[in-house]
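Notes to accompany the following structure.
When reading the values below, keep in mind they use all heavy atoms of this one structure, side chains included, and skip hydrogens, waters and symmetry mates. The residues of the chain are indexed from 1 along the displayed sequence. Just so we're clear, the structure is a prediction, and the values are computed from it rather than from any experiment.
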Amino acid sequence: MASLSLKHIYKKYPGGVTAVSDFNLEIEDKEFVIFVGPSGCGKSTTLRMIAGLEEITEGELRIDGTLVNDVAPKDRDIAMVFQNYALYPHMTVYENMAFGLKLRKVPKETIKRRVEAAAKILGIEALLDRKPKAMSGGQKQRVALGRAIVREPKVFLLDEPLSNLDAKLRAAMRTEITKIHQTIGTTFIYVTHDQVEAMTMATRIVVMKDGLIQQVDTPQNLYDKPVNIFVAGFIGTPQMNFLVSTLDKKEDGAYITFGTNTIKLPAEKANDPALEPYFGKEVIAGIRPELIHDEPIYLSSMSDNVIEANVDVTELMGAEIYLYLAVDGAEAFNVEASKGENVKNDIIARVSSRSQARAGDRIQIAIDSSRIHLFDKDTQRYIIH
């Protein structure tokens with residue numbers, strides 16, 4: 001079991017390319033920490049520096065208080081699980097799992113005990129005599145995990161281990177990996193670009209962009225209290241709606257206006273001192289899709305915040321419907337590279353499957369302003385949540 005300390009870590013390549021900048025993170029023993037972010041944000045590079053596969057340009061990496069910058073990968077007591085499984089095709093499952101222990105001259109009885117125990121945890125006891133070519137992707141990934149488990153390392157490093165699996169199997173393996181973490185009680189550091197994996201598995205998430213940490217927090221806090229527009233847009237599906245708005249103060253409270261539409265803020269938000277410098281100015285309003293409703297009960301209970309919209313497209317998701325709406329005069333804030341793509345001008349609502357809205361309809365929608373986010377248009381940092 002191990003704690004890790006990363007202080008002022010940099011990774012610079014020849015030619016002036018900086019992949020990771022001033023990375024600072026304390027990881028407690030037995031935590032499940034996930035690095036998430038778009039391609040090229042530096043998350044895999046950071047993982048490889050922890051493993052010793054990439055040299056640290058500047059900074060200090062400590063495992064259990066010991067400086068390991070110059071310690072060879074094999075001596076760091078770390079096990080890594082790769083995206084492509086990296087199994088030996090000519091060996092059986094048992095031989096693949098036992099191989100690393102054999103190299104370390106571990107006694108045969110100990111190897112047998114560890115391999116059988118790991119196989120039981122992973123539910124692959126019946127596969128020990130098979131070779132990789134006779135197994136599915138999910139089974140191969142379990143073997144790759146088993147090979148790491150038998151080593152009983154201080155730290156598990158997992159680099160996008162589920163990205164080669166289909167959606168159904170990926171969901172099942174998320175649960176399996178979470179169970180494994182709970183069973184063996186070891187520190188896990190996991191890299192993914194999939195924010196669903198991060199939200200469902202991690203005890204803490206590190207959101208990265210352009211080699212910099214944007215926010216480190218629990219999944220729920222990242223969702224409820226994003227520090228900037230990038231984090232707010234990256235976490236959540238569909239992504240948060242961002243509208244260029246004007247913030248105004250009136251006798252009866254505070255309002256935001258976008259296009260021809262005005263929404264009243266609840267009193268606890270309107271009276272927040274953080275808003276004072278922004279009255280009369282443009283801000284970015286962040287509205288989660290699930291805060292937009294078209295059912296009569298919401299239209300009557302949120303009558304101050306009812307506006308009209310045209311339905312462009314509907315997507316039936318089974319338990320819910322995504323409505324892509326055009327709101328008169330509304331201007332979407334284009335969040336560059338928030339998820340690797342440009343934001344559409346549509347406002348997306350996530351409504352009940354009972355919704356009667358259809359493409360081409362003009363409907364009324366109610367916006368729940370109690371959980372609206374406001375961001376500074378220039379710095380893109382949050383003003384209030």
Side-chain angles (χ1 to χ4, degrees), residues 32-36 39 43-45 47-48 50-53 73-74 76-104 106 108 110-198 200-202:
F32 196 137
V33 173
I34 292 186
F35 297 166
V36 72
S39 297
K43 55 189 185 296
S44 287
T45 302
L47 195 77
R48 289 173 65 83
I50 294 171
L53 302 176
K74 65 183 179 64
R76 294 191 183 194
D77 202 3
I78 280 173
M80 193 157 180
V81 179
F82 296 94
Q83 179 180 343
N84 63 358
Y85 321 132
L87 301 178
Y88 296 108
H90 62 287
M91 293 184 183
T92 65
V93 169
Y94 184 97
E95 290 166 342
N96 264 286
M97 291 172 66
F99 186 68
L101 299 179
K102 285 182 180 177
L103 290 180
R104 289 170 174 76
V106 174
K108 283 186 179 180
T110 304
I111 292 175
K112 185 173 185 295
R113 176 177 54 78
R114 288 193 191 180
V115 169
E116 289 177 351
K120 186 175 181 181
I121 290 171
L122 294 162
I124 56 173
E125 299 105 312
L127 305 178
L128 290 174
D129 293 327
R130 284 197 200 176
K131 290 186 177 177
K133 66 181 180 182
M135 294 187 296
S136 67
Q139 290 169 333
K140 290 176 185 176
Q141 191 55 272
R142 282 184 169 86
V143 176
L145 286 164
R147 187 175 53 193
I149 290 170
V150 297
R151 288 182 51 195
E152 298 180 354
K154 288 182 177 179
V155 184
F156 278 86
L157 305 180
L158 301 97
D159 191 5
E160 305 221 27
L162 307 184
S163 59
N164 287 341
L165 306 180
D166 62 58
K168 184 178 179 182
L169 194 51
R170 210 160 51 231
M173 284 301 294
R174 285 202 305 264
T175 306
E176 290 300 319
I177 290 175
T178 302
K179 285 179 181 175
I180 291 165
H181 174 252
Q182 292 168 349
T183 301
I184 64 179
T186 307
T187 307
F188 274 47
I189 305 174
Y190 186 111
V191 160
T192 182
H193 64 275
D194 185 339
Q195 53 103 4
V196 175
E197 283 182 27
T200 54
M201 297 166 70

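Every residue two or more places apart in sequence or in another chain that forms a side-chain hydrogen bond (donor to acceptor under 3.5 Å, both in side chains) with T200 is listed here: R174. Listed by chain and number, the residues in a side-chain hydrogen bond (donor to acceptor under 3.5 Å, both in side chains) with E116 are K112 (sequence neighbours excluded). Residues meeting the side-chain hydrogen bond (donor to acceptor under 3.5 Å, both in side chains) test with Q141, sequence neighbours left out: none. Applying the side chain to side chain contact (heavy atoms under 4.5 Å, CB included) test to Y88 and every residue at least two apart in sequence or in another chain returns H90, M91, N96, F99. In this structure E125 satisfies the side chain to side chain contact (heavy atoms under 4.5 Å, CB included) test together with A119, K120, sequence neighbours excluded. By the salt bridge (charged side-chain N to carboxylate O under 4.0 Å, His left out) test, R48 is found to be paired with E54, residues two or more places apart in sequence or in another chain being considered. Every residue was checked against the salt bridge (charged side-chain N to carboxylate O under 4.0 Å, His left out) condition with E95, not counting sequence neighbours, and none meets it. Annotation: side chain to side chain contact (heavy atoms under 4.5 Å, CB included) contacts of L47 (sequence neighbours excluded): M80, L157, D159, I189, V191. The ring pair (Phe, Tyr, Trp, His ring centres under 6.0 Å) check on F156 picks up F188, with sequence neighbours excluded. Shown here are the side chain to side chain contact (heavy atoms under 4.5 Å, CB included) partners of T110, two or more places apart in sequence or in another chain: V106, P107, R113, R114. Every residue was checked against the salt bridge (charged side-chain N to carboxylate O under 4.0 Å, His left out) condition with R170, not counting sequence neighbours, and none meets it. For H193, there are no ring pair (Phe, Tyr, Trp, His ring centres under 6.0 Å) partners, not counting sequence neighbours.
Relative ring orientation between F32 and H181 is described as perpendicular, the plane-to-plane angle rising above 60° on a 0-90° scale split at 30° and 60°.
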Start with the C-alpha gap between I149 and I180, add the side-chain angles, then the distance that decides, and say whether side chain to side chain contact (heavy atoms under 4.5 Å, CB included) holds.
CA-CA 9 Å; I149 290 170; I180 291 165; 3.8 Å; yes
Might you work through the side chain to side chain contact (heavy atoms under 4.5 Å, CB included) test for I34 and M201, ending with a clear yes or no?
CA-CA 8 Å; I34 292 186; M201 297 166 70; 3.9 Å; yes
Going through the checks in order, is the side chain to side chain contact (heavy atoms under 4.5 Å, CB included) test met by I184 and I121?
CA-CA 9 Å; I184 64 179; I121 290 171; 4.0 Å; yes
Could you check K102 against K108 for side chain to side chain contact (heavy atoms under 4.5 Å, CB included), going step by step and ending with a plain yes or no?
CA-CA 8 Å; K102 285 182 180 177; K108 283 186 179 180; over 6 Å; no
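The CG atom of D194 lies 9.5 Å from the OG atom of S163; values are rounded to the nearest 0.5 Å. Rounded to the nearest 0.5 angstrom, T183 OG1 and E176 CD are separated by 9.5 Å. Between the CG atom of L53 and the CD1 atom of I78 there is a distance of 9.0 Å, given to the nearest 0.5 Å. Atom-to-atom distance recorded for M173:CE and D166:CG is 11.5 Å, nearest 0.5 angstrom. How far CG of L101 is from CD of E152: 8.5 Å, rounded to the nearest 0.5 Å. With rounding to the nearest 0.5 Å, the separation of CD in Q139 from CD1 in I124 is 8.5 Å.
Looking only at distances, no side-chain donor or acceptor of R151 sits under 3.5 Å from a matching main-chain atom of D77.
Proximity of I177 to L162: side-chain heavy atoms (C-beta onward) are separated by under 4.5 Å at one or more points. Residues K154 and T186 are not in side-chain contact: their nearest non-hydrogen atoms beyond the backbone lie 4.5 Å or more apart.
Here the closest heavy-atom approach between residue A148 and residue P153 is recorded as O-CD, 3.4 Å. Of all the heavy atoms in M97 and V150, the pair that sits closest is O-CG2, 3.1 Å.
In this structure, a donor-acceptor pair under 3.5 Å is present between the side chains of E197 and T192.
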